[in-house]
Amino acid sequence: MESAEYISLSSDDDPLAAFIHRRVTAAQVQHAMDGINNPFFNRKLSQQYKKILLARRQLPVYAQMHEFYELFKRNQIIVMVGETGSGKTTQIPQFVCFADLPHKKGKMVACTQPRRVATMSVARRVADEMDVSLGKQVGYSIRFEDMTQPGTTFLKYMTDGMLLREAMTDPELSRYSTIILDEVHERTLATDILMGLLKNLSRRRRDLKIIIMSATLDALKFQKYFSTGEGAQGSLAPLLKVPGRTHPVEVFYTKEAELDYVEAGLRAVLMIHRAEPPGDILLFLTGEEEIEGACKKLKEEVDFLLNADPRSIGPLACIPLYSTLSPPQQQKIFDPPPPPSRGGPPGRKVIVSTNVAETSLTIDGIVYVIDPGYSKQKVYNPRIRVESLLVSPISKASAQQRAGRAGRTRPGKCFRLYTEDVFMNDLEEQTHPEVLRSNLANTVLELAKLGVRDLVRFDYVDAPAPETIMRALELLHYLGALDNQSNLTPLGKKMSQFPLDPQMAKTLIVSAEFKCSEEILTIVSMLSVPPVWVRPVTARGPADAAKARLDIPDGDHLSLLNVYDRFLEHIEEKTWAWTNFVSARSLYQARNVRTQLKAIMDRLKIPLVSTSSEHDRNDNIRKALISGYFMQVAHRDKGGGYLTMKDNQLVALHPSCGLDGTPDWVIFNEFVLTTQPYIRTVSAIEPEWLFKHAPSYFDLSTFPNGATKNALEIVEEQFKIKEEAEPKEQKKKRNRKKPQKKAAGDPQKVETQD
DNA sequence: GCGGATATC
């Protein structure tokens with residue numbers, strides 16, 4: 001690239017001079033690609049470009065360039081299906097650039113991806129293919145990293161969440177001439193919401209073209225969703241279908257159902273290792289603990305067999321893979337398989353992985369896939385307002401995706417540990433979209449900011465349960481983000497600026513009034529990153545001891561603040577995080593988030609304040625938390641457990657909780673349902689604070705009768721007496737000083753059915 | 001006794 005010489009082009013030399021906006025032909029484009037000069041950039045094309053172009057020509061999507069341009073010319077919205085290896089993600093956006101000529105029109109072409117890593121790597125690849133440097137004509141935009149140059153970048157890869165955020169400031173998405181949504185079959189929350197917005201926007205912006213790209217064959221659903229006219233057959237959005245290019249994978253089923261899928265998976269690994277030709281194995285399990293346990297068992301089994309007879313079996317490297325592993329640990333999946341023991345059978349590598357290996361990470365060299373048919377999936381129960389992770393059967397689409405992992409480099413085999421009958425008749429076609437499995441409080445706030453008036457009747461691809469939306473609206477009303485007409489309040493507008501859950505956003509916004517915005521900013525940042533506490537299977541004792549040293553007795557929120565501050569104190573010491581069993585990666589990430597949130601606070605003129613007394617500080621923090629998390633309070637039950645407010649659900653403190661003893665009243669960040677109902681990240685509170693800082697929620701006439709209500713009634717009585725005793729003058733003064741405080745802490749009520 | 005995966009101005 002360095003040796004490429006600059007040339008001066010007169011308009012006659014512009015390879016795209018004869019191109020008519022959105023009227024180009026495949027022949028014209030082919031010709032421009034084959035030229036001497038870069039069609040988009042005043043420079044000669046490099047040798048590397050030509051070499052890559054030869055490879056690009058082999059991609060299945062290339063053979064359909066003509067068909068693509070015909071469809072693109074005639075339609076505003078196109079649905080495209082292309083399996084792995086079709087080249088759609090890298091080629092289609094380039095095709096669009098030749099038609100849209102965004103560099104001449106002052107527009108951009110956007111292509112969204114569900115994941116950051118994929119966004120970066122595909123942008124890099126396409127920059128190479130177009131013979132430009134990344135971040136110039138071709139760039140990407142992900143959180144914390146904007147690799148674009150305004151005025152120069154005309155092809156932008158971005159995460160779906162990023163485009164959704166952009167839509168909040170520019171609902172017309174006016175910078176874009178074409179928007180391509182990729183990997184739509186994954187049905188992430190952001191993709192689903194974007195589909196709704198774009199469908200709507202397509203009616204207002206007739207010049208905006210939209211391409212929906214999906215890997216699986218559920219295209220008809222999207223064709224129907226984006227159909228023009230009123231549901232007549234002829235009005236379906238047109239479909240472009242591109243074949244994939246992978247190697248064949250032979251699929252095997254069990255004859256009978258397996259009782260223990262972990263055990264069956266391990267047997268399958270050993271069976272392959274003994275009987276099948278060389279090639280790596282990928283075994284899908286559901287979680288960290290299961291995976292570590294399986295790896296341990298597998299090693300023991302192989303060691304046992306090798307001890308008995310070293311010639312009976314080759315060495316087997318067992319590598320665990322899940323997202324919370326550090327990058328160097330994840331790198332191990334790319335190590336070569338172990339060499340054969342002296343004169344014995346060849347060695348083999350087996351990767352035991354969660355779903356990361358199904359979508360996010362591709363591992364070359366896998367020849368055998370073992371699919372027990374399960375994964376952990378998020379489930380939301382709006383009735384009890386709990387998101388939980390449940391081991392559930394995967395969908396057919398998922399099973400096919402898993403099988404495909406065996407055929408990336410050569411023909412492979414997939415062993416499904418369930419019967420063909422189960423596959424055909426029991427498995428769902430597609431995994432349920434995230435929008436049906438999530439708490440939508442955040443999404444509803446975003447939609448309100450986007451100007452969607454009727455959230456229940458929003459045109460979802462799949463509409464969530466009305467109760468889920470009601471729960472979200474209820475929370476937002478209580479928080480004061482929405483008024484009685486479900487309009488965004490000024491507070492709600494501020495909240496929507498933060499990339500945070502509504503409770504957290506509210507806490508952060510009001511924290512300045514509690515003189516602890518410095519601290520809440522840190523706590524909120526820590527709650528926005530993966531867990532900081534590291535607890536390796538081999539060092540649980542030392543890890544727990546280290547955590548105990550960092551814990552603050554009053555609550556886990558304060559402990560998070562403490563860890564962050566101690567980390568910054570020792571940031572020069574490279575081993576501090578390691579010796580204290582905390583994740584440096586999470587802490588750096590928290591620092592990043594903190595910087596970003598601080599910038600938003602500055603913009604909203606929310607001051608960063610603190611107080612010098614540690615006692616006051618710890619109280620202030622927990623009072624501020626109540627103004628956001630008043631619905632997440634629990635009271636200690638006679639049996640030793642806790643009962644949640646209003647719902648009266650029996651929960652236990654999560655084992656990771658660092659509270660000193662079992663305080664009567666606690667506030668918690670999350671309710672999780674794993675082996676039993678737990679509350680996690682818990683702090684002790686004084687019950688009078690509830691009446692003081694969330695008075696409208698703690699209107700006891702709305703509480704169901706029971707032990708919790710009785711306990712609250714006693715507290716309320718004492719609170720009233722105390723309030724009465726406070727001199728009237730002083731009270732007035734306080735109210736006058738902070739008039740906004742009441743508005744923030746005393747939200748609107750909403751009609752709900754409990 | 002203890003976390004699937006992903007994302008965010």
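Below, chains carry the letters A, B, ... as their sequence lines are ordered, and counting in each starts from 1. All values reported here derive from a predicted model rather than from experimental measurement.
Within the nucleic acid shown, A:Thr159 comes within 4.0 Å of sugar-phosphate atoms alone, with no base atom in reach, counting heavy atoms only. Contact annotation for A:Arg143: base contact, defined as any heavy-atom pair under 4.0 Å involving a base atom. Using a 4.0 Å heavy-atom criterion, one finds that A:Pro114 contacts the sugar-phosphate atoms exclusively. Contact annotation for A:Leu389: base contact, defined as any heavy-atom pair under 4.0 Å involving a base atom. Within the nucleic acid shown, A:Met162 comes within 4.0 Å of sugar-phosphate atoms alone, with no base atom in reach, counting heavy atoms only.
At a threshold of 4.5 Å between non-hydrogen side-chain atoms, the residues A:Tyr322 and A:Ile291 count as touching. Taking the side chain as every heavy atom from C-beta outward, A:Arg143 and A:Gln596 approach each other to under 4.5 Å.
Look at CZ on A:Arg165: it is 20 Å from P on B:dT6, rounded to the nearest Å. Taking atom NE2 on A:His432 and atom P on B:dT6, their separation rounds to 22 Å, with Å as the unit. Nucleotide B:dA5 holds its P atom 14 Å from the CD atom of A:Glu186, rounded to whole Å. The distance between atom CG of A:Leu163 and atom C1' of B:dT6, rounded to the nearest whole Å, is 17 Å. Protein atom CG of A:Leu673 is 15 Å distant from nucleotide atom C1' of B:dG1, rounded to whole Å. The distance between atom CG of A:Asp146 and atom P of B:dC9, rounded to the nearest whole Å, is 10 Å. B:dA5 atom C1' lies 20 Å from atom OH of A:Tyr380, rounded to whole Å. In this structure, A:Phe284 places its CZ atom 12 Å from C1' of B:dA5, rounding to the nearest Å.
Taking the ring pair (Phe, Tyr, Trp, His ring centres under 6.0 Å) definition, one finds that A:Phe334 meets it with nothing, sequence neighbours left out.
Closest-nucleotide positions on DNA chain B for A:Ile142 and A:Glu434 were compared, and the one nearer the 5' end corresponds to A:Glu434. Nearest-nucleotide mapping onto DNA chain B: of A:Lys378 and A:Leu500, the residue sitting toward the 5' end is A:Lys378.
Checking B:dT6, B:dC2, B:dC9 against every side-chain atom of A:Ser323, the shortest atom distance belongs to B:dT6. For A:Pro655, the side-chain atoms get nearest to B:dG1 when compared with the rest of B:dG1, B:dA7, B:dG3. Side-chain atoms of A:Arg535 lie closest to B:dC2 of the nucleotides B:dC2, B:dA5, B:dC9. Comparing atom distances between the A:Glu670 side chain and each of B:dA5, B:dG3, B:dC9 picks out B:dG3 as nearest. Nearest nucleotide to the A:Thr324 side chain, out of B:dA5, B:dG3, B:dC9: B:dA5. The side chain of A:Arg116 has B:dT8 as its nearest neighbour among B:dG3, B:dC9, B:dT8.
In this structure, A:Phe423 and A:Tyr418 have parallel ring planes: the angle between them is below the 30° cut-off, well short of the 60° mark.
Under 4.0 angstrom from either OP1 or OP2 of B:dA5 there lies at least one side-chain N or O belonging to A:Thr354. For B:dG1, neither phosphate oxygen OP1 nor OP2 lies less than 4.0 angstrom from any side-chain nitrogen or oxygen of A:Arg540. Remark: A:Gln497 is not in phosphate contact with B:dC9, judged by side-chain N or O atoms under 4.0 Å from OP1 or OP2.
Geometric assessment of A:Arg636 against the ring of A:Tyr642 yields a negative cation-pi assignment under the 6.0 Å and 45° thresholds.
Taking CZ from A:Phe567 and OG from A:Ser583, the interatomic distance works out to 8.5 Å, rounded to the nearest 0.5 Å.
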